Structures are given as structure tokens and as C-alpha cells.
Amino acid sequence: MARALELAALGLYSTTPNPRVGCVLVREGEAVGEGWHERAGEAHAEVNALRQAGARARGATVYVSLEPCSHHGRTPPCAHALVDAGVTRVVAAMSDPDPRVAGAGFAQLRAAGIQVECGLLEEAARELNIGFVRRMRHGRPWVRVKTAASLDGRTALANGTSQWITGPAARQDGHRWRARSCAVMTGIGTLLHDNPRLTVRDIETSRQPLRIVVDRNLELPVSARILEGGDVLVFTAADEAARARALRARGAEVVVAGDACGKVDLHAAMHELGRRGMNEILVESGNRLNGALVRAGLVDELIVYLAPQLLGDRGRGMFDLGELTVLEQRIDLDVCEVRSIGPDLHLRARLRRGASDPSAS
């Protein structure tokens with residue numbers, strides 16, 4: 001199963017909106033076939049492993065990181081393919097949270113007389129597809145906020161200067177998080193100040209994530225570098241037909257999603273992204289959008305790069321949370337990972353959810 005998960009991770013940058021899945025066929029103690037799902041619309045992991053195994057698949061045990069699918073999508077059901085190949089046992093890391101499957105794949109295998117087991121290395125399998133699981137269960141993506149700051153928590157000087165706080169190794173690592181994300185989101189303030197492209201560079205990838213701009217008043221200039229190459233989605237609260245037409249002429253899609261206060265409805269935006277098949281969103285923005293997402297309960301994970309430097313209390317912070325007057329208003333985190341990247345410190349943490357929180361995993 002550990003090998004199946006290694007294979008699944010080969011699709012880290014390419015399988016969206018599908019889950020990352022790996023498969024190993026074992027017969028008489030020997031691996032006779034391996035496969036992984038490379039991209040949506042192409043063969044699933046089980047089919048690739050069966051092709052490699054050929055006739056040796058008969059009587060084999062299948063180790064797969066996710067329950068074999070049981071429905072016709074862009075490809076035929078994998079459960080049927082395993083039955084037809086004559087395997088005798090299927091060991092899955094986890095059941096499929098997709099309601100079109102959700103145990104139906106296991107049921108088809110058992111009905112054909114195949115022994116089924118589930119739960120081996122389940123936590124690792126869920127981590128690999130944490131965004132897919134969140135979208136299937138709650139209708140919205142897994143949201144990460146990535147930020148770089150000084151050791152005293154400042155992302156920029158008071159005048160906005162921020163390039164570069166962290167070193168090249170930390171910035172390259174940030175591009176890995178971009179590459180695995182379905183989309184990268186920023187706010188209009190960051191875009192107007194820094195004019196970023198938000199594309200994946202520095203590492204190899206077969207696709208670029210969708211780029212999203214939260215732009216309340218539709219201020220995005222048609223000359224912005226983010227519009228180069230298209231594949232941009234703008235959420236706005238302003239029903240400005242002329243500005244929207246100009247942006248659409250540059251290849252952007254404009255979606256009006258205003259709330260009662262005249263701001264972008266962030267909950268509606270996230271559920272729209274879930275509807276579009278977005279599993280993981282990486283937010284690279286300033287403290288205002290970061291804070292708004294946290295206050296809305298829409299942030300799941302923080303990716304923070306801390307540089308060994310001090311910028312002082314007049315620098316810009318990471319999150320605009322308003323004034324907290326009692327400690328009970330604080331946001332509690334669970335630290336998942338701390339490591340050094342060059343001279344900088346990489347910290348990954350998740351927002352702690354209460355048992356009553358419907359978005360709790």
C-alpha cells in the first residue's frame with residue numbers, strides 16, 4: 001500500500017478534479033502490475049496496473065489507495081475491470097467519499113466473490129486527497145493560505161515593500177504548493193500593488209492552476225499581468241457591465257457574487273469553486289483577504305515561511321482579524337510541520353475546528 005501511495009503522489013500536479021490514486025497488483029508475493037491515475041479523462045490507476053499485469057492479474061491481490069469506482073464517467077468502472085480480470089482480493093486504503101461510489105465499488109466486488117478489505121494506511125491516503133474529500137463531503141475546496149513573513153510576523157514594510165523577505169528555496173517551495181493546487185487566489189489590493197502573474201514557475205508541471213481575483217469593485221486593470229494567457233476568474237460585487245466586458249475581452253471570466261454588505265460573498269465563491277471541481281485552493285494575498293477568509297471560517301490550513309529578520313511593529317501583518325478584546329477570540333491552530341528551508345523556517349498549521357463545526361474533518 002505504501003508503494004500504491006507513492007504512485008498516487010505522481011499525480012500530485014495533474015489529476016484535478018479527480019483524486020490521486022495508485023495501485024499495485026501482487027501475485028504469489030511478487031508485484032506483477034503497477035499504475036497510477038495521471039490526469040482526468042485518462043485511464044484510472046487500476047486499469048493501468050491491470051494492463052501491466054496482463055494475464056498475471058488473475059488470482060492477484062490488488063492494493064489501491066482509494067475504493068475502485070463503480071460508475072461510468074469519462075472512463076468505465078474500475079470495479080468491473082477488476083472483476084473481469086479475475087483478481088481474488090482487493091485491499092483499499094479508504095472508501096471513496098464521492099456519493100456516486102461511497103461503498104458501491106466494494107459492494108460490486110463482494111458480489112463477484114472478491115475479498116475486500118479497507119483502512120490500510122487510511123490517514124496517509126486521506127491526506128493525499130484532502131481537497132477531494134473536503135469537496136465531496138462539504139461542497140467546497142480545501143483552502144490553504146500561504147504567506148511569507150519576518151520572524152515578528154510582518155509580511156511587508158508599512159509602504160508595502162515585500163520583495164523579497166524569504167530566500168529562493170522558500171519561494172521555490174511555494175511554487176510546489178501552487179502546482180498542486182487547482183487554483184491560486186489573490187485580492188485586488190495585492191494585485192494592484194504587486195501585479196503578480198501567479199503562475200507556476202521554478203518547477204516542472206503539466207498544467208497551470210486557475211487564477212482567481214477577489215475584486216469587490218471590479219478594479220482589475222485590463223493591462224494586469226495576471227490576464228496574460230487567460231484562465232482567470234474574477235469574483236466581484238460590482239455589476240459593472242462595461243468593465244466586465246473589457247475583462248472578458250482579455251479572456252477573464254467575471255462572476256458577480258455580492259453579499260448584503262456589497263462585498264464579495266466568500267462562502268458563495270468557495271461553493272462555486274467546489275461546483276467547478278476545485279479540490280485545493282491556495283490563497284496568496286494580503287492581510288485583508290486573509291483575515292476575511294479566516295473570519296468567515298473558510299481557511300483550513302496555513303503555509304507560513306518565516307525569515308530570520310525583524311521588520312518592526314509598523315510593518316504589515318499576516319491577518320486582519322480586527323481587534324480582539326479577550327483571549328477567547330483567538331484562532332487556535334494545530335501545527336502539522338516545522339522544517340528549515342535554506343535560512344528560512346517553513347511552518348504548516350491547521351485551524352482547529354470544534355466538534356460542532358460542520359466543516360470539521
Side-chain angles (χ1 to χ4, degrees), residues 1-133 136 180 204-207 279:
M1 186 62 77
R3 175 59 180 162
L5 288 168
E6 286 181 356
L7 292 166
L10 295 176
L12 192 66
Y13 302 159
S14 61
T15 62
T16 182
N18 291 354
R20 300 141 182 157
V21 184
C23 180
V24 178
L25 271 63
V26 177
R27 179 176 172 181
E28 297 177 353
E30 178 188 359
V32 296
E34 292 185 344
W36 54 284
H37 182 47
E38 298 184 29
R39 56 185 55 84
E42 297 185 3
H44 288 188
E46 299 94 321
V47 172
N48 286 327
L50 289 170
R51 286 173 180 169
Q52 188 178 101
R56 295 178 296 173
R58 187 161 297 278
T61 293
V62 179
Y63 293 89
V64 62
S65 60
L66 185 69
E67 175 184 0
C69 64
S70 57
H71 65 287
H72 282 270
R74 298 192 208 178
T75 58
C78 292
H80 292 178
L82 293 172
V83 171
D84 293 342
V87 306
T88 57
R89 179 172 170 243
V90 172
V91 181
M94 61 177 289
S95 59
D96 193 335
D98 188 335
R100 296 173 297 177
V101 184
F106 291 151
Q108 288 185 11
L109 295 171
R110 291 191 178 105
I114 295 173
Q115 180 184 348
V116 175
E117 300 169 36
C118 182
L120 182 60
L121 298 184
E122 182 174 4
E123 184 177 350
R126 185 179 294 109
E127 280 294 315
L128 190 61
N129 285 307
I130 196 165
F132 179 76
V133 173
M136 288 296 110
R180 70 171 285 168
E204 291 187 15
T205 180
S206 60
R207 65 165 186 91
N279 295 326

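These figures come from a predicted structure and were not determined experimentally.
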Could you walk me through whether Val32 and Val26 pass the side-chain contact (heavy atoms from CB on, under 4.5 Å) test, one step at a time?
CA-CA 6 Å; Val32 296; Val26 177; over 6 Å; no
Any donor and acceptor pair, going by atom type alone, linking the side chain of Ser14 with main-chain N or O of Glu38 inside 3.5 Å?
yes
Should Glu42 and Arg39 count as an ion pair when the cut-off is N to O under 4.0 Å?
yes
Less than 4.5 Å apart, side chain to side chain, heavy atoms only: is that true for Val24 and Leu7?
yes
Side chain of Asn129, backbone of Pro19: donor and acceptor closer than 3.5 Å?
no
Run the salt bridge (charged side-chain N to carboxylate O under 4.0 Å, His left out) check on Arg126 and Glu123 step by step: do they pass?
CA-CA 5 Å; Arg126 185 179 294 109; Glu123 184 177 350; over 6 Å; no
Are any of the side-chain heavy atoms of Val21 and His44 separated by less than 4.5 Å?
no
Derivation of the side-chain contact (heavy atoms from CB on, under 4.5 Å) call for Arg207 and Thr16
CA-CA 10 Å; Arg207 65 165 186 91; Thr16 182; 3.4 Å; yes
For Phe106, does its backbone N or O pair with a side-chain atom of Glu67 as donor and acceptor, under 3.5 Å?
yes
Is there a side-chain contact between Pro99 and Met136, using heavy atoms and a 4.5 Å cut-off?
yes
Set out, in order, the CA-CA distance, both residues' side-chain angles and the distance that settles side-chain contact (heavy atoms from CB on, under 4.5 Å) for Val91 and Val64, then state yes or no.
CA-CA 6 Å; Val91 181; Val64 62; over 6 Å; no
Heavy-atom check, side chain of Pro17 versus side chain of Phe132, under 4.5 Å
no
Hey, does Leu5 have a side-chain heavy atom less than 4.5 Å from the side chain of Leu121?
yes
Within the side chain of Arg180, is there an N or O that forms a donor-acceptor pair under 3.5 Å with the backbone of Tyr13?
no
Beyond-backbone contact of Met94 with Val133, side-chain heavy atoms, under 4.5 angstrom:
yes
Taking Glu34 for the side chain and Ala49 for the main chain, is one N or O donor matched with an acceptor at less than 3.5 Å?
no
Is Arg27 reaching over with its side chain to a backbone N or O of Ala57, donor-acceptor style, under 3.5 angstrom?
no
I need the minimum non-hydrogen distance between Leu66 and Glu46, along with the two atoms involved.
O-OE2, 4.2 Å
Derivation and outcome, side-chain contact (heavy atoms from CB on, under 4.5 Å), residues Leu25 and Leu50
CA-CA 8 Å; Leu25 271 63; Leu50 289 170; 3.5 Å; yes
With rounding to the nearest 0.5 angstrom, report the CD to OG distance, Glu6 to Ser65.
12.0 Å
Can you name the nearest heavy-atom pair linking Ala40 to Asn18, along with the distance?
CA-ND2, 3.5 Å
Taking atom CE of Met1 and atom CG of Leu120, what is their separation to the nearest 0.5 Å?
4.5 Å
Closest approach of Ala125 to Ala93 (non-hydrogen atoms, all atoms of both residues):
CB-CB, 3.5 Å
Using a 4.5 Å cut-off on heavy atoms from C-beta on, say whether the side chain of Glu28 contacts that of Arg56.
no
Quick one: closest heavy-atom pair of Val62 and Val87, and the distance?
CG2-CG1, 3.7 Å
Heavy-atom distance under 4.5 Å between the side chains of Val47 and Cys78, does that happen here?
yes
Between Ser70 and the options Asp98, Val101, Leu109, the side chain to side chain contact (heavy atoms under 4.5 Å, CB included) test singles out Val101
Flag, side chain of His37 to backbone of Ala43, donor-acceptor distance under 3.5 Å
yes
Could you give all pairs that pass the side chain to side chain donor-acceptor pair (under 3.5 Å) test and reach residues 81-97, with sequence neighbours left out?
Arg89-Glu117
